[in-house]
Every structure is written in structure tokens, then in C-alpha cells.
Amino acid sequence: MKNLLPGLRVAIPGGGKALDPAVLFDTPPEDVWIEVGFGSGEHLVAQAEAHPGIGMIGCEPYINGVAALLAQIETQAICNIRILDDDARELFDVLPEAVLGRAFVLFGDPWPKRRHAKRRFLGRENLDALARMMKDQALLRFASDDMGYAVWTLEQLIAHPAFEWTARTPGDWRAPPADWVKTRYEAKARAAGRNPVYLDFRRLARP
Ligand SMILES: C[S@@+](CC[C@H](N)C(=O)[O-])C[C@H]1O[C@@H](n2cnc3c(N)ncnc32)[C@H](O)[C@@H]1O
């Protein structure tokens, strides 16, 4: 971890400077995708391997998760992942407009108590920031096994003018998308008899 992390860490520039995400990677990526709260990193790694031309930024303050990700990066010789070992919101003030092609928020913390609901990630403030950083037609993918949290998140997205829910039939949100990668929390939920929901949203074209 001590050896690998410094070379892969996303450094947040100070002094109001912007961060061009393309320069984080050895070769300019075809697109840049982020995952908020990658946990142990299995989804991030699978996406990076399936899409070697994409630059993946994983955000996760949980140190054991970062260590688990680094171990996979090393053994699988993955070159297209960079790590923000901190709160994903650190990126919000420094990433330029319309630079992200996909954003993943998978099995985020549900904060079930009503008084904690404002800590849920996809509230209006964070959605405004994502809408700014995401390209037209970019994908925002959310999954959860907590129905209260999923309904709340769906309400936030439906109310937001920059996003459109892509589901047309119940099968579109009950079944995982075609390119879905299983995550650790998803496996735990299914083992406990809970069926997750999978919500894909499109960032609408700017007027
Ligand atoms: C319930 S775990 C799910 C992990 C993984 N996505 C999975 O499906 O197995 C949620 C993770 O989100 C991380 N997290 C919560 N808020 C975050 C934030 N603002 N920025 C980055 N990561 C965050 C937590 O540290 C935690 O590891």
C-alpha cells in the first residue's frame, strides 16, 4: 500500500485550481468514469478490466477497502484506475464541467433514520455537482437493497431537471443491467433474502 498508493492517488489541487481528470492517467483515456464508495473495489476492478481504454476514478475513504483494491490492482496489473482515498465530494470543486461519462453509486450507506437522510449521497446538492461534471447522455447508476433509501433516491432524481430515469418496464429496475458486475454488498443482501434494485439515469443534454 505504501508503495503503490502514492502513484495512483488523486491529489486535489488547492488554490481554486481545476483538475483535468485525463492527465491522471498514463495515456489520455477515451472517457473518465467514477465510482463513489467502491468498498473493496471488485466492481471498479471489473469495469477497469472490461474497459481498458477508460480512466476509472474510485473514491473511498475506508482504508481497508483501499488496501483491498490496491492488492487487486497489483496482482491483476491494472493500469487504468486512480484512487481518491477520501470523500468523493472533494472532487466537486475541482473537476471541470462535462468530463465524466459514467458515475456509479452502488449500495451506498442508506442512513435509515429520518434525521440522517440528508447524509444520503444522491441528494439535491450532490446531484447538482454530478450534473455539472457529467457529460450530456452520461450514465448515473445506483443500486441498493434498502427500499426506503432507493425510493428516496428515485424521488431526488425524478425531481432533478438534469436527469432522466431510463427504466421502461419493471424488469429494467428489478434485474441487473446487462453489464452489471456483482458487488460484495449485493451478495450479502441476496444471501439475506433481500432483492436489490438497479436504477440507471441519463444526464440530459444541456439546453
Ligand atoms: C455499504 S458500502 C458499499 C460498498 C460497495 N459499493 C459494494 O457494493 O460492496 C458503502 C461505501 O461507501 C463509502 N462512502 C460513503 N460515503 C462516501 C463518500 N461521500 N465518498 C466516498 N465513499 C463514500 C463508505 O466508506 C462505504 O465503504
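Order of listing sets the numbers, starting from 1, for every ligand and every atom in it. As the structure is a computational prediction, the values presented were derived from the model and not from experiment.
- Using a 4.0 Å cut-off between a side-chain N of Lys or Arg and a carboxylate O of Asp or Glu, D31 and K135 qualify as a salt bridge.
- Of all the listed residues (H43, E42, E60), E60 holds the heavy atom that lies closest to atom 11 (C) of ligand 1.
- Evaluated for a side chain to side chain donor-acceptor pair (under 3.5 Å) with H43, the options R141, E35, K182 yield exactly one hit, E35.
- When only non-hydrogen protein atoms are considered, atom 12 (O) of ligand 1 lies nearest to G37 CA, 3.4 Å.
- Protein heavy atom closest to atom 16 (N) of ligand 1, with residue, atom name and distance, is D109 OD2, 4.2 Å.
- Counting the atoms of ligand 1 from 1 in the order shown, those under 4.0 Å from a heavy atom of F121 are 19 (N).
- R102 and D179 are joined by a salt bridge, as a carboxylate oxygen and a charged side-chain nitrogen come within less than 4.0 angstrom of each other.
- With distances taken over non-hydrogen atoms, the option nearest atom 20 (N) of ligand 1 out of A88, A187, P61 is A88.
- For an aromatic pair to be called close, the ring centres must be under 6.0 Å apart, and F107 with Y149 fails this.
- Geometrically, R119 engages W111 in a cation-pi contact, judged by NZ or CZ lying under 6.0 Å from the ring centre and within 45° of the ring axis.
- Within ligand 1, the atoms closer than 4.0 Å to a non-hydrogen atom of L106 are 3 (C), 5 (C), 6 (N), 8 (O), numbered from 1 in the order shown.
- Using a 4.0 Å heavy-atom cutoff, C59 is listed among the residues neighbouring ligand 1.
- For atom 1 (C) of ligand 1, the closest non-hydrogen atom on the protein side is F107 O, 2.9 Å.
- Under the 4.5 Å side-chain criterion, counting only non-hydrogen atoms from C-beta, F25 is not in contact with M56.
- In summary, of the residues considered (L127, L199, L100), a side chain to side chain contact (heavy atoms under 4.5 Å, CB included) with L140 occurs for L127 alone.
- Salt-bridge check for R124 with D128: passed, with a basic side-chain N closer than 4.0 Å to an acidic carboxylate O.
- Checked against a 3.5 angstrom limit, the closest N/O atoms of Y185 and ligand 1 fall inside it.
- Of all protein heavy atoms, the one lying nearest to atom 7 (C) of ligand 1 is T183 OG1, 3.4 Å.
- The shell of residues lying under 4.0 angstrom from ligand 1, judged by heavy atoms, excludes E186.
- Ligand 1 places these atoms under 4.0 Å from at least one heavy atom of D87: 18 (C), 19 (N), 20 (N).
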